[in-house]
Peer 1: 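Before we start, here is the structure in question, set down as structure tokens.
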Amino acid sequence: MGERGWQKHIVPLLPPRIRTALAALPPEVARELEEIRLRAGQPLLLQTGRGEFFSGERGVAGSAAEALRLTAAELQQVLLAMTEFSLYARDEELKRGYLALPGGHRAGFAGRTVLEDGRVKLLRDINAVNIRIARQIKGAALQLLPHVYCRQKKRVYHTLLVSPPQAGKTTMLRDLARLLSDGDAREGRPGLKVGIVDERSEIAGCFRGEPQLDVGMRTDVLDGCPKAEGMMMLIRSMSPQVLVADELGRPEDVRAVEEAVTTGASVITTAHGENPAELIKRPGLAYLLENAFFERVVVLSRRHGPGTIEAVYAGEAVRKWWRTEDRSNVG
Amino acid sequence: MWAKAFGAMLILSATILWGNMEIAKLRGRLRQLEEFRLALRLLAAEVGYTATPLPRALEQVACRMETEAVQSFFLSVTRRLQGAAAADAGTAWLETARCLQNRLQLTAKDWAVLSRAAAGLGGLGREDQLKQLSAAEAQLADHAAAAAAQAASGEKMWRYLGVLTGMAVVILLL
């Protein structure tokens, strides 16, 4: 995706005042933009890799007082434009609090929830919108590939990517899927059939079912589907060699993973957290780690920017890391 | 003599034409009400079964309309929604109704029903949207039934009225 591709996809969905403000942004801010935060009655905030900026009518504002303040009506207008004036068409996504946008970008929403039988039926009276700019970094996982792919056996290890939020897990996962799917004839690495279960449309950035980000030529994407159900569907219908899913952790996910293993598919997934103490809170994931399912655990951080590989645990070292978090066994 | 006969024929033709125009209006209203009912049912199907976003759903509905004025209505709403200045679907619907009111044979009461259909259009969840479209369609069905009865009795009346008015004028002038 082009560095400023977000402007083509996102700006037309915004009210005129915000369009003007974003058009006046300095190129370096526009290039590095990660999030656009819109809150009713609050200043327009922009998040980049270098920090947070206020946005005024004529580009970056020096303080909150000079920044553009948004109204609830403008936020409602944003929601309507993002759903093509058809909330009913995206109500399943809205129940989960986000919308996939063209170009692979996403918008998260907060507001008043309407409940039915204790479950969210509708999100209304929107008071905050967080637009997350998707950035595909091709080659982000090149460094990781030799740890995940076994040349001799020509197979992919069951791999878990672990990191705190916004440390590049999904970017890494997407690029791994692309690299494994495309293969590399020069390196003698054949392309593999990859199946992605993209429950929150984050990995492939699907819009109307079509991947907006490059996830490889042999990749099948099941968009907006619960992970456990999606994995079973892909196994039955697309016979993937590699199954990719974000954030496994529920008990039903574990059953699907176990089923995947019997078909010979390798599983690559991610988990929020920095250490085993945080991961143990997710029973499904804890079960898989306890039973040494994962052959590789990759710990990522933002230390040198998103996607910094802190450690790669292999084989027995995974078990030790899980039990003792011993960092001396870095692969 | 011939001039008088020719004049009488002209007067009679004019009043018959006037009667036929009134009949056409009655039939036109009925046809348009039925077309709007069909359109709302098709729109409900697009919303309920395929969750098609409004601009595309309305365009597809327009393609299946036979009456040019009703087709224009749905195409116009679509164009307004696709424009950069669109605020919401309800506003686009009401603005279109205002612009095309004179091109259709509908009454103020019919327009009131169609305007109510615009309230919350596109701004509701699927179930609520379907309920709203269904309620508007049911109201239009009542209007269509009344229009059909009115057309059945009105047609005869306007046909006689056209001929009799013409004859009365001719007799008065003779």
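Reminder, nothing fancy here: chain letters follow the sequence lines and each chain counts from 1. All figures in this text were calculated on a predicted structure; none of them were measured in a lab.
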Peer 1: Side chain, backbone, both or neither: which part of A:R124 has a non-hydrogen atom closer than 4.5 Å to chain B?
Peer 2: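 A:R124 has no heavy atom closer than 4.5 Å to chain B.
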Peer 1: Indicate the atoms forming the closest heavy-atom contact of A:L87 with B:G123, along with that distance.
Peer 2: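 Where A:L87 meets B:G123 most closely, the heavy atoms are CD1-O, 3.3 Å.
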Peer 1: Enter the distance from B:R56:CZ to A:R208:CZ here, rounded to the nearest 0.5 Å.
Peer 2: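 Between atom CZ of B:R56 and atom CZ of A:R208 there are 4.0 Å.
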Peer 1: If you tally heavy-atom pairs under 4.5 Å against chain B, which of A:L79, A:T83, A:D91 wins?
Peer 2: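 Answer, by heavy-atom pair count under 4.5 Å with chain B: A:D91.
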Peer 1: Is it true that, when you exclude A:R58 itself, more than 12 heavy atoms of the residues, nucleotides or ligands shown sit nearer than 6.0 Å to its CZ?
Peer 2: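 No - once you tally the heavy atoms of other residues, nucleotides and ligands closer than 6.0 Å, there are 12 at most.
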Peer 1: Is it the backbone or the side chain of B:L124 that comes under 4.5 Å from a heavy atom of chain A, or both, or neither?
Peer 2: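 Just its backbone gets close to chain A.
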Peer 1: Is it the case that atom CD in B:E127 sees more than 12 heavy atoms from other parts of the structure closer than 6.0 Å?
Peer 2: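 12 or below, so no.
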Peer 1: When rounded to the nearest 0.5 angstrom, what distance separates CG in B:L81 from OG in A:S86?
Peer 2: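 Output value for this atom pair is 7.5 Å.
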Peer 1: Donor-acceptor check, side chain of A:Y88 to backbone of B:T52, threshold 3.5 angstrom: yes or no?
Peer 2: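 Such a contact is found between A:Y88 side chain and B:T52 backbone.
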Peer 1: Checking A:K121 against chain B: side chain, backbone, both or neither under 4.5 Å from a heavy atom?
Peer 2: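 Answer is side chain: those atoms of A:K121 sit under 4.5 Å from chain B.
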Peer 1: Above 12 or not: heavy atoms from other molecules or residues under 6.0 Å from CZ of B:R41?
Peer 2: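 Yes.
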Peer 1: Just wondering, more than 12 heavy atoms not from B:E66 lying within 6.0 Å of its CD?
Peer 2: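 Open.
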Peer 1: Which heavy atom in B:P55 sits nearest to a heavy atom in A:E84, and how many Å separate them?
Peer 2: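 Nearest pair, atom of B:P55 first, then A:E84: CD-O, 3.4 Å.
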Peer 1: Is A:M233 atom CE crowded by more than 12 heavy atoms from other residues, nucleotides or ligands, each under 6.0 Å away?
Peer 2: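 At most 12 heavy atoms, drawn from other residues, nucleotides or ligands, come within 6.0 Å of this atom.
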Peer 1: Counting only heavy atoms not in A:E210 (residues, nucleotides, ligands), do more than 12 fall under 6.0 Å from its CD?
Peer 2: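 Counting neighbours around CD of A:E210, 12 or fewer heavy atoms of other residues, nucleotides or ligands fall under 6.0 Å, so no.
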Peer 1: More than 12 non-hydrogen atoms from neighbouring residues, nucleotides or ligands closer than 6.0 Å to CE on B:M21, yes or no?
Peer 2: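 At most 12 heavy atoms, drawn from other residues, nucleotides or ligands, come within 6.0 Å of this atom.
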